[in-house]
Structures are given as C-alpha cells and as structure tokens.
K.L.:
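Here it is, the structure in full.
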2 protein chains.
Amino acid sequence: MDAALKALAEPRRREILRLVWSRELPATDIADHFAEVTRSAISQHLSVLKEAALVSERRDGTRRLYRANADTMNELRTFLDDYWTSGLERLRDVAEADEARKRQKKGRH
Amino acid sequence: MDAALKALAEPRRREILRLVWSRELPATDIADHFAEVTRSAISQHLSVLKEAALVSERRDGTRRLYRANADTMNELRTFLDDYWTSGLERLRDVAEADEARKRQKKGRH
DNA sequence: CACTTACGTAAGCAAACACTTACACTTGGC
DNA sequence: GCCAAGTGTAAGTGTTTGCTTACGTAAGTG
C-alpha cells in the first residue's frame with residue numbers, strides 16, 4: 001500500500017494509470033502518448049506501477065498489454081478512507097503510548 | 001494537490017499528520033514521538049506538510065502549534081475520488097486526443 | 001541582562017529518483 | 001535462419017529527498 005501511494009505521487013504515473021484505466025494498452029501505445037519522454041522512461045514507470053500492483057501485465061506475442069488493477073486501487077481507496085476517519089478514534093491510544101514514551105525518555109535522561 | 005499527494009507518500013509524514021489530526025501539538029511534542037530521528041528532521045517534515053497545506057501552524061509564545069488541515073484533506077479526498085471515477089468518462093476524450101497525436105507524429109516523421 | 005526553552009535553517013551527505021542512450025532479448029513472418 | 005517489431009534492462013547523470021550536526025533567533029524567566 002505504501003508502494004502504491006508512492007507510485008501515485010508521480011504525475012506521469014497517474015497519467016499512465018489513467019490511460020490504462022479501463023482498457024488494455026501495449027507499452028508502445030502508452031509511450032506514444034508522451035512526446036516529452038523516452039519509451040524507456042515509460043517502461044520504467046510501468047515497472048513501478050506493476051511493482052505496486054497498480055497495473056497488471058498480460059503478454060500477447062511480442063507485446064505486453066497493461067491494464068489498471070482495480071482491486072489494488074480499491075484497497076488503496078479504503079486504506080485512505082480508513083486513514084481519514086480512523087485518526088479520530090485511534091487518537092486516544094496514540095496519545096497514551098506517547099505519554100508512556102515521554103515518561104520513559106525523561107526517566108532515562 | 002500534487003504537493004499534498006507527494007507529502008503523503010512519505011510514511012513518517014503520515015504518522016505526523018495523524019498525531020495532529022484532531023488536536024494541536026507543539027513541534028517538540030511531535031518530535032518526541034519519534035525516537036529514531038532528530039527534531040530537525042521532524043521540523044523539516046512539518047515544513048513540507050505546511051507547504052502542502054496539510055497542516056496549519058499557530059504561534060503561541062516560543063511554541064508553534066500544528067494541527068491537521070481538514071479542508072485540504074477533504075480536497076485531496078475528492079480529487080482522488082474524481083480520479084477513481086472520472087477515468088471511465090474521460091477516457092473517450094483521451095483516446096481521441098491520442099489518435100490525433102499519433103497521426104501528427106507519423107505525419108512529421 | 002544573562003539564560004533557557006522552543007524552534008527554524010544552513011550546509012553537507014548518502015540514497016533514491018526520473019531521466020537518457022545503448023544494448024539484449026523474445027516473438028512471429030518470410 | 002534472418003530480420004523487424006515490441007519491449008525490458010544496464011549504465012550513467014543531474015536532481016531531489018531524508019537525514020545529520022551546527023548554528024541562529026525569538027520569546028519568556030530569573
């Protein structure tokens with residue numbers, strides 16, 4: 001999940017992800033979409049996205065077809081939703097652990 | 001919004017953000033929470049979060065009190081929600097723009 | 001006014017990142 | 001078997017990032 005967030009932090013990768021959102025696309029077609037950078041750069045971005053499970057790859061002859069992985073994106077979505085909402089509930093525990101840490105630190109020093 | 005996503009990509013910053021989720025906290029208290037890194041490192045993280053408008057800062061004497069900025073986080077949330085859902089609808093436009101680009105590229109070359 | 005508390009900030013460093021160019025590898029058609 | 005198409009990968013480069021130590025500074029305290 002960490003990897004997914006990190007992968008999404010890069011604008012180019014978000015754009016790639018959008019391209020393969022609902023249809024499979026071969027690497028070359030994806031690269032063609034970006035005039036500014038090399039095919040190689042896109043290939044590396046695709047690796048990152050694949051590593052983060054944000055896209056899946058399917059081989060067809062010499063081509064590799066990429067498509068966004070809806071499962072991972074839904075997981076990420078619920079992770080963030082939890083993040084938004086859980087802050088409040090878990091706060092008491094965090095505060096308590098914090099106090100303990102503080103006392104320990106002071107005691108040591 | 002880009003800055004916010006990038007800021008969230010860092011685990012430490014997410015943890016900081018959670019600490020100030022629903023209560024103000026002075027920088028020192030935040031730093032005390034992290035035994036592994038320096039106060040300076042946390043200060044720099046706070047700068048990034050502030051730059052991304054994910055936290056707001058209020059001064060009180062020598063102290064600076066930080067608190068998560070709910071507005072920005074809601075904006076980010078809707079941005080992502082749009083991102084999840086809009087892919088489908090905007091896809092046709094992207095595809096069309098893409099075809100145009102492709103034709104142009106071939107024409108030039 | 002000296003001293004302490006609570007901070008940011010500058011400088012430097014190693015690791016990570018987004019690229020590039022050049023090359024290697026598969027797959028399918030002739 | 002040879003060649004072209006489609007693609008990953010290795011190596012190198014400049015920039016950014018997350019950190020450290022050291023110093024600077026503003027606000028309260030005696």
Side-chain angles (χ1 to χ4, degrees), chain A residues 2-20 23-67 98 101-102 105-106 109, chain B residues 2-20 23-67 98 101-102 105-106 109:
Chain A
D2 210 75
L5 244 179
K6 230 172 181 175
L8 273 182
E10 170 65 34
R12 194 99 63 192
R13 281 196 286 264
R14 286 201 299 273
E15 208 175 337
I16 291 178
L17 199 55
R18 197 164 242 158
L19 277 178
V20 295
R23 64 182 187 319
E24 276 184 331
L25 233 46
T28 306
D29 283 19
I30 299 173
D32 280 352
H33 185 71
F34 300 92
E36 322 82 32
V37 288
T38 326
R39 189 186 53 75
S40 178
I42 301 302
S43 177
Q44 286 167 52
H45 278 311
L46 283 169
S47 288
V48 173
L49 288 170
K50 197 173 122 197
E51 195 81 18
L54 282 169
V55 303
S56 55
E57 179 207 291
R58 184 174 71 91
R59 308 209 178 182
D60 169 39
T62 73
R63 299 185 308 166
R64 307 203 184 182
L65 302 168
Y66 292 91
R67 185 207 296 262
D98 230 26
R101 203 187 316 250
K102 216 173 191 173
K105 227 176 183 177
K106 264 184 182 153
H109 199 252
Chain B
D2 208 75
L5 243 179
K6 232 173 180 175
L8 273 182
E10 170 64 33
R12 195 99 64 191
R13 281 196 285 265
R14 286 201 298 271
E15 209 175 336
I16 291 178
L17 200 55
R18 198 165 243 158
L19 278 178
V20 296
R23 65 179 184 322
E24 276 184 331
L25 233 47
T28 306
D29 285 19
I30 300 173
D32 280 352
H33 185 71
F34 301 94
E36 322 82 31
V37 288
T38 326
R39 189 186 53 76
S40 177
I42 300 301
S43 177
Q44 286 167 52
H45 278 311
L46 282 169
S47 288
V48 174
L49 287 170
K50 199 173 120 195
E51 195 81 18
L54 282 169
V55 302
S56 55
E57 179 207 291
R58 182 174 73 90
R59 307 209 179 182
D60 169 40
T62 73
R63 299 186 308 167
R64 306 205 185 182
L65 302 168
Y66 291 92
R67 184 207 295 264
D98 230 28
R101 202 186 318 250
K102 214 172 191 172
K105 224 174 183 178
K106 263 184 181 153
H109 198 252

K.L.:
Any idea which heavy atoms bring A:Leu54 and A:Ala7 closest together, and the distance?
P.N.:
CD1-CB, 3.9 Å
K.L.:
Take atom CD1 of A:Ile16 and atom C1' of C:dC19, then tell me their distance rounded to the nearest Å.
P.N.:
13 Å
K.L.:
So which one's nearest nucleotide on DNA chain D is more toward 5', A:Glu57 or B:Gly61?
P.N.:
A:Glu57
K.L.:
Kindly say whether, by distance alone, the side chain of B:Ser47 makes a donor-acceptor pair under 3.5 Å with the base of C:dT9?
P.N.:
no
K.L.:
Using a 4.0 Å heavy-atom cut-off across all strands, classify B:Ala41 as base, sugar-phosphate, or nothing.
P.N.:
base
K.L.:
Could you tell me the separation between the CG atom of A:Leu65 and the C1' atom of C:dT26, rounded to a whole number of Å?
P.N.:
15 Å
K.L.:
Please confirm whether any donor atom in the side chain of B:Thr38 sits under 3.5 Å from an acceptor in the base of D:dT21, or the reverse.
P.N.:
no
K.L.:
Round to a whole Å and report the spacing from CG of A:Asp32 to C1' of D:dG6.
P.N.:
11 Å
K.L.:
Checking only heavy atoms, does the side chain of B:Arg39 share a donor-acceptor pair with the base of C:dG8 at less than 3.5 Å?
P.N.:
yes
K.L.:
How long is the line joining CD of B:Glu36 and P of D:dG18, in whole Å?
P.N.:
15 Å
K.L.:
Measure the distance from CG on A:Asp29 to P on D:dA5 and round it to the nearest whole Å.
P.N.:
15 Å
K.L.:
For B:Ile42 and D:dT20, give me the distance from atom CD1 to atom P, rounded to whole Å.
P.N.:
9 Å
K.L.:
Can you tell me the pairing partner of D:dG30 across any strand shown, Watson-Crick or G-U wobble, with both distances under 3.5 angstrom?
P.N.:
C:dC1
K.L.:
Kindly determine whether B:Tyr66 and B:Leu19 satisfy side chain to side chain contact (heavy atoms under 4.5 Å, CB included), including the steps that lead there.
P.N.:
CA-CA 10 Å; B:Tyr66 291 92; B:Leu19 278 178; over 6 Å; no
K.L.:
Just verifying a value: how many Å separate B:Arg59 CZ and B:Leu65 CG, rounded to the nearest 0.5 Å?
P.N.:
11.0 Å
K.L.:
Please work out if B:Lys6 contacts a base, only the sugar-phosphate, or nothing of the nucleic acid, heavy-atom cut-off 4.0 Å.
P.N.:
sugar-phosphate
K.L.:
For A:Gln44, answer base if it contacts any base atom (sugar-phosphate contacts may also be present), sugar-phosphate if it contacts only those atoms, and nothing otherwise; contact means non-hydrogen atoms under 4.0 Å.
P.N.:
base
K.L.:
Report the distance from atom CZ of B:Arg58 to atom P of D:dA27, rounded to the nearest whole Å.
P.N.:
15 Å
K.L.:
Reckon B:Arg12 touches a base, only the sugar-phosphate, or nothing at all at heavy-atom distances under 4.0 Å?
P.N.:
sugar-phosphate
K.L.:
Between A:His45 and C:dC17, is there a contact of a side-chain N or O with OP1 or OP2 at under 4.0 Å?
P.N.:
no
K.L.:
Taking the minimum atom-to-atom distance to the side chain of A:Val37, which one of D:dG18, C:dG8, C:dC19 wins?
P.N.:
C:dC19
K.L.:
When all nucleic acid strands are considered with a 4.0 Å heavy-atom cut-off, which category describes A:Arg59: base, sugar-phosphate, or nothing?
P.N.:
nothing
K.L.:
Just how far, in rounded Å, is P of C:dT27 from CZ of A:Arg64?
P.N.:
9 Å
K.L.:
When you match A:Asp60 and A:Val48 each to their closest nucleotide on DNA chain C, which lands nearer the 5' end?
P.N.:
A:Val48
K.L.:
Below 4.0 angstrom, N of the basic side chain to O of the carboxylate: do A:Arg63 and A:Asp29 qualify?
P.N.:
no
K.L.:
Is there a donor and acceptor pair, one atom on the side chain of A:Ser40 and one on the base of C:dT21, closer than 3.5 Å?
P.N.:
yes
K.L.:
With rounding to the nearest 0.5 Å, note down the distance linking CZ in B:Arg12 to NE2 in B:His45.
P.N.:
6.0 Å
K.L.:
Can a side chain N or O of A:Tyr66 be found less than 4.0 Å away from OP1 or OP2 on D:dG8?
P.N.:
yes
K.L.:
Tell me whether the side-chain N/O atoms of B:Thr62 come closer than 4.0 Å to OP1 or OP2 in D:dA26.
P.N.:
no
K.L.:
Using the rule side-chain contact (heavy atoms from CB on, under 4.5 Å), only one of B:Leu8, B:Val55, B:Leu49 pairs with B:Arg13; which is it?
P.N.:
B:Leu49
